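The structure appears right after this line, and notes come after that.
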Amino acid sequence: MKLLLLGMLNNLSISQVHQGLKNKEFSAKNLVEDYFKIIKEKDGEINSFITLMEKEALGQAKIVDQKIKQKKFGNNLLEGIPLVIKDNILIKGVLCTAASKILANYRATYDATVIKKLKEINSIFLGKTNLDEFAMGASSETSYFGPVKNPHNLSCVSGGSSGGSAAAVASGMCLGALGSDTGGSIRQPASFCGVVGLKPTYGRVSRYGLIAMASSLDQIGALAKTVEDASIILKGIEGGDAKDSTSRTPNFPIELPKNIDWRNIKVGLPKEFFSHGLDPQIKKLIDNLIKKISDAGAKIIEVSLRNLDYALASYYILMPAEVSANLARYDGIRYGHCEQKESLLEVYLKSRTNGFGDEARRRIILGTFVLSAGYYEAYYHKAQQVRELITGDFEKIFKEVDCLITPTTPTTAFKIGEKIDNPLAMYLSDIYTVPVNLAGLPAISLPIGQVDRLPVGLQIIGDHFEENKILDIAKTIESMLL
Ligand code: GLN
């Protein structure tokens, strides 16, 4: 068996690696060993991983190699594929910290449904990736385990909260990754790190075993080098689950994306996404691309998301309200960090005060406030109404167009430390991604170029359960850029 050349590995897609395993060009063991070589070389600087799973991965590789030998390999493209998993998704027996001190020693007692599915397919897990604490942030700087650096420029953030997953894919430390997206946490780091990030429709993927942040918004999705790879990962994890009553098996399962004929496509450009706050150089890149698409025959239609201005305000009321409820379970008694004190109240107070970081505490306090008697109507209820309006805006727009094209983020990756003391500035980087979660829609971010040597992401938003359509459109754009 030939050993993989390290340089070559970086250029291989999931289906190519799968083929390589099938043709016995290399073994799963070779593959895992090479990835750990790369991880050990690079991760000291990047900090993508909280937990490495070398022993487990080699064990999984052995099973795959046996199947290859017995000619029982080849049913699923994800079989034998080395992936990394965001550290808010449970793998039985492995630490799951959500990048918080309060869960720093918590070992999962069961597999998340997505993990169970991937284990049945025999995918290989290389490790658990770094994130903002409890997935709250846009830079991966709120992690108890230190920030994730951007592989394109180590003085910049990786984005967040799935920064560890995005940086691991971007620096070739794995073939693909799972992340979670509550307000942009897959798409924004994908955009900052120059990889593909796919957030499915709310309900396409089970969240059983995902550490909850804001349950009406959370969704698990994929990060990968290409649109096809992202679709393969999503195919592996999608489907209804009795353990998550919000999930369902869609009528149209994910298929491998194919190139489309632009003459059959109507693209909506929501004008509010291209106005104030958008880096003019990002706008230029997108304008050029839209011109190409239009020249190829697509119908470009300007549309309006009238309530965009209120999306962020609504999200930053609803999300902390749900966060405050979900994080109530970390009381120092049931699991995680516990401070032994005289009275029960003191145990609660000290364990939570010292176990949570600043951003988590900020959101718990905000969330408790907006839900409190007297303020519920003024804040929470109002924000719910705004959410309805935004969902209605999208509904109307999707009667007219096949997809929406927007920037994923208003700027490229910012410097580490630049926004960490200014939460409002940090929250603004979610402006284009948050409305999608409020409406439960699927969206993908794909790299379309660079500004000052930092990647730029394009967001394609689809109607509910129309992942196949946006994947086809994304793949066609990807091939136009080659
Ligand atoms: N940046 C957003 C926030 O801090 C998104 C988080 C997420 O999607 N998990 O809430």
Side-chain angles (χ1 to χ4, degrees), residues 85-89 98-100 129-143 147-148 157-166 177-193 197-200 202 205 207 210-223 311-324 326-327 356-367 370 383 387 408-411 413-414 418-445 457 459:
I85 309 294
K86 187 175 181 179
D87 205 24
N88 58 353
I89 298 172
S100 179
T129 52
N130 206 349
L131 63 151
D132 281 295
E133 184 178 6
F134 284 102
M136 297 190 271
S139 66
S140 297
E141 290 171 290
T142 69
S143 167
V148 182
V157 301
S158 58
S161 64
S162 313
S165 287
L178 293 191
S180 65
D181 192 315
T182 304
S185 276
I186 289 177
R187 291 158 287 154
Q188 189 256 22
S191 171
F192 278 10
C193 291
L198 174 59
K199 179 231 172 264
Y202 185 79
V205 178
R207 285 102 39 86
L210 167 71
I211 294 181
M213 176 182 160
S215 309
S216 77
L217 301 153
D218 296 341
Q219 189 52 226
I220 296 176
L223 295 105
L312 212 55
S314 154
Y315 172 82
Y316 274 96
I317 289 173
L318 297 173
M319 173 273 298
E322 294 183 29
V323 161
S324 73
N326 274 326
L327 269 52
F356 289 126
D358 289 348
E359 186 61 26
R361 283 207 308 280
R362 179 180 294 121
R363 295 191 193 201
I364 292 170
I365 293 168
L366 271 174
V370 299
R387 182 176 192 174
T408 308
T409 55
T411 66
F414 42 88
E418 190 182 319
K419 298 191 179 174
I420 194 70
D421 296 322
N422 185 348
L424 226 50
M426 187 75 87
Y427 299 167
L428 273 171
S429 53
D430 304 328
I431 181 107
Y432 302 142
T433 47
V434 150
V436 170
N437 300 74
L438 288 173
L441 298 167
I444 187 167
S445 176
Q459 178 171 238

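Fair warning: this is a prediction, and the values are worked out from it, not measured in the lab. Heads up: numbering here begins at 1 and tracks the sequence. We count ligands from 1, going down the list as the structure has it; atoms in each ligand are counted the same way.
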Do [X] and [Y] have side-chain atoms, one donor and one acceptor, less than 3.5 Å apart?
X: S165; Y: T129; value: yes
X: D218; Y: S180; value: no
X: D132; Y: T142; value: yes

Pair S429, Q188 - check side chain to side chain contact (heavy atoms under 4.5 Å, CB included), show working. CA-CA 8 Å; S429 53; Q188 189 256 22; 3.9 Å; yes

What residues form a side chain to side chain donor-acceptor pair (under 3.5 Å) with E359, not counting sequence neighbours? R362, R363, Y427

Validation row: C193, S158 side chains within 4.5 angstrom (heavy atoms): yes

Can you work out which protein residues put a heavy atom within less than 4.0 Å of ligand 1? A135, M136, G137, A138, S161, D181, T182, G183, G184, S185, M213, Y315, Y316, M319, R363, D430

